[in-house]
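Note sheet for the following structure.
Just so it is clear, the values below take in all heavy atoms, side chains as well, and ignore hydrogens, waters and symmetry mates.
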Amino acid sequence: MKVNTQSVNFNADQKLLDFIQKRMDKLELFYDKVIKSDVFLKVQNTSDKENKIFEARVSVPGDSFVVKKQCKTFEEGADSAIASLERQLKKRKEKLRTHM
């Protein structure tokens, strides 16, 4: 799956991009009709420790899912956001299966 990753206000290193690509590829195990996904990595200029925002938009035929998580690290945000996307994709797959 093609993952478009954009980092806002900083340059993401290749290790982080590879991690996100690997985790997003696992979404195809749960729903194989994923068209594309966009990931936005943002750093807020606040004094909070949880200033990293991970936002993912996954497009499937006829719909798209958006998840936004704010955590201490991008890896932590990616894990929780992708877990949420997995649940949504499983739910959609079950819904489509019952209508056929």
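- The hydrophobic clustering, which links ILVMFWY residues whose side-chain heavy atoms are closer than 4.5 Å, places Leu17 and Phe40 apart.
- Put simply, CZ on Arg57 and NZ on Lys68 are 10.5 Å apart, with the number rounded to the nearest 0.5 Å.
- Note that the CG atom of Leu27 and the CG atom of Asp32 stand 12.0 Å from one another [nearest 0.5 Å].
- Atom CZ of Phe74 and atom NZ of Lys42 lie 10.5 Å apart (nearest 0.5 Å).
- Cluster annotation: Val66 and Leu85 are assigned to distinct hydrophobic clusters (Ile/Leu/Val/Met/Phe/Trp/Tyr, side-chain heavy-atom contacts under 4.5 Å, transitive).
- The hydrophobic cluster containing Ile53 does not contain Ile20, counting ILVMFWY residues as joined when their side-chain heavy atoms lie under 4.5 angstrom apart, directly or transitively.
- Between Arg97 and Glu94 there is a salt bridge, since at least one side-chain N of the basic residue sits less than 4.0 Å from a carboxylate O of the acidic one.
- Scanning all heavy atoms of the two residues, the minimum distance from Leu41 to Phe54 falls at CD2-CD1, 3.4 Å.
- Taken from CD in Gln21 to NZ in Lys2, the straight-line distance is 7.0 Å, to the nearest 0.5 Å.
- Minimum heavy-atom separation, Ser80 to Cys71: OG-SG, 4.2 Å.
- Only one option out of Lys93, Lys90, Lys91 pairs with Phe30 in a side chain to side chain contact (heavy atoms under 4.5 Å, CB included); it is Lys90.
- Considering only heavy atoms from C-beta on, Arg92 comes within 4.5 Å of Val60 through its side chain.
- Within the 4.5 Å cutoff, the side chain of Gln88 has no heavy atoms near those of the Val58 side chain.
- The minimum heavy-atom distance linking Val43 with Lys52 is given by the pair CG2-CD, 4.3 Å.
- How far NZ of Lys72 is from NZ of Lys49: 7.0 Å, rounded to the nearest 0.5 Å.
- The hydrophobic cluster containing Leu96 also contains Leu89, counting ILVMFWY residues as joined when their side-chain heavy atoms lie under 4.5 angstrom apart, directly or transitively.
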Q.
Could you walk me through whether Asp79 and Arg23 satisfy the side chain to side chain contact (heavy atoms under 4.5 Å, CB included) test, starting with their C-alpha distance in whole Å, then the side-chain angles of each, then the deciding distance to 0.1 Å, before giving a yes or no?
A. CA-CA 8 Å; Asp79 285 339; Arg23 294 286 293 155; 3.0 Å; yes

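- Nearest heavy atoms, Pro61 versus Ile35: N-CD1, 3.7 Å.
- Judged by distance alone, with hydrogens and angles left aside, the side-chain atoms of Glu55 form no donor-acceptor pair with the main-chain N or O of Gln70 at under 3.5 Å.
- Note on Leu16 and Met24: same hydrophobic cluster, where clusters join Ile, Leu, Val, Met, Phe, Trp and Tyr whose side-chain heavy atoms are under 4.5 Å apart, directly or indirectly.
- Taking the six-membered ring for Trp and the full ring otherwise, Tyr31 and Phe65 have centroids separated by 6.0 Å or more.
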